[in-house]
Amino acid sequence: MTLVNVELGDRAYPVRIESGGLDWAGQMLAPYARDGRIVVVTDRNVLAAQGDRLTAGLNRAGLEPDGIVIAPGEESKDWSHLARLIDDLTARGVGRDDHIVAFGGGMIGDLAGFAASILKRGVGLVQVPTSLLAMVDGAVGGKTAINTTAGKNMVGAFHQPSLVLIDPDCLDSLPVRELRAGYAEIVKYGLISDPDFFAWCEANGPILLAGDQAAREQAIALCVGMKAAIVAEDERDEAGRRALLNLGHSFAHAIEAETGYRLLHGEAVAIGLCLAFRLSAEHGLCPAEDAERVESHLRAVALPTTLDEAGLAADGERLAERIRHDKKAANGKVRLILARGIGQAFVVDDVPLDEIAAFLDRQRQPLDA
Ligand code: GLY
């Protein structure tokens with residue numbers, strides 16, 4: 001078992017990473033239950049794959065889950081599902097002193113987390129992530145959101161959980177495509193600030209994806225530790241530190257929105273990471289070999305690395321326009337995360353949008369054109 005503390009003063013909370021932890025969830029969640037019941041928000045797929053384990057784990061401590069089940073998929077992270085969820089929580093009498101449990105992947109963590117942040121001006125939240133992506137990123141750090149027609153995560157709030165419970169055994173039932181997509185976020189941590197960890201990924205990524213328990217627990221613990229440290233330093237994403245976690249994400253969000261969320265978030269992140277490194281290399285900021293190394297590792301684990309693989313019909317200008325909506329933009333310039341090399345990401349505040357558009361157009365031309 002690994003315990004990582006997110007140091008946020010009187011809002012500090014533990015992230016408990018423990019194989020088989022779900023089987024003992026009742027013990028951990030008992031302080032957040034009322035009259036032996038605890039409201040759990042989940043989706044149909046997670047319910048089918050892990051619902052019995054969570055129920056048995058809760059029952060073992062005399063707790064009963066009161067489940068709210070959402071349709072799976074990113075489409076559920078919208079206004080209409082949020083409104084329905086708020087009604088369902090209100091009908092159950094959830095109040096300021098209660099906690100709700102977000103039991104699922106990134107969509108559930110974001111939707112239930114956002115509902116918790118606004119219901120009665122804020123109710124308690126416990127995150128129990130079941131996807132690799134949510135374990136290493138979404139469930140830790142308090143960012144919650146829904147998507148709107150303007151783009152991904154356009155409406156949201158910071159709402160820190162009281163506890164994050166990670167049971168890596170949940171990954172045993174995760175479809176391999178989703179596992180791989182979550183792995184892109186793991187690679188991201190190495191690319192931001194830890195070249196040794198990126199080298200570890202090159203050596204161990206394939207066995208991690210094949211189900212090696214030690215490798216996945218090691219990676220999850222390391223990523224959660226890195227994220228907890230960043231969040232403790234820059235909780236509200238104001239000091240330029242937390243922004244580093246968005247390496248590849250401006251491109252990824254544009255790709256996701258442009259493809260109607262057909263790509264999984266982590267798949268779009270894999271392409272976004274390659275684009276961030278390629279753009280850095282084109283500007284002479286980062287060695288071309290580093291950009292090639294990033295692409296080659298992601299390709300080796302069967303993640304997409306090019307816009308063509310995303311099947312994008314959009315031109316660079318359209319994607320750049322999406323990026324403008326996604327991020328703070330002023331005078332035709334946006335903030336992007338670029339890199340001086342593997343493990344050396346940094347924030348650039350004034351990348352001209354027309355340069356991004358031209359760069360994206362070049363990515364979509366055949367190599368021999
Ligand atoms: N997923 C990026 C962040 O939590 O800041």
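We count ligands from 1, going down the list as the structure has it; atoms in each ligand are counted the same way.
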For ligand 1, which atoms sit closer than 4.0 Å to a heavy atom of Lys143? 3 (C), 4 (O), 5 (O)
Is it the case that Asp308 and Thr306 place a side-chain donor and acceptor less than 3.5 Å from each other? no
Counting non-hydrogen protein atoms only, what is the nearest one to atom 5 (O) of ligand 1? Give residue, atom name and distance. Arg242 NE, 2.7 Å
Can you tell if the side chain of Val46 reaches within under 4.5 Å of the side chain of Ile108, non-hydrogen atoms only? no
Above 12 or not: heavy atoms from other molecules or residues under 6.0 Å from CG of Asp97? no
Of the backbone atoms (N, CA, C, O) and the side-chain heavy atoms from C-beta on, which set of Lys227 has a member under 4.0 Å from an atom of ligand 1: side chain, backbone, both, or neither? side chain
Does Asp137 have a non-hydrogen atom less than 4.0 Å from ligand 1? yes
Kindly give the heavy-atom pair with the smallest separation between Ser117 and Thr144, and that separation in Å. OG-OG1, 4.3 Å
Is it the case that the ring center of Tyr261 lies less than 6.0 angstrom away from the ring center of His253? no
Polar contacts were defined as any N/O atom of the residue lying under 3.5 Å from an N/O atom of the ligand; does this apply to Asp237 and ligand 1? no
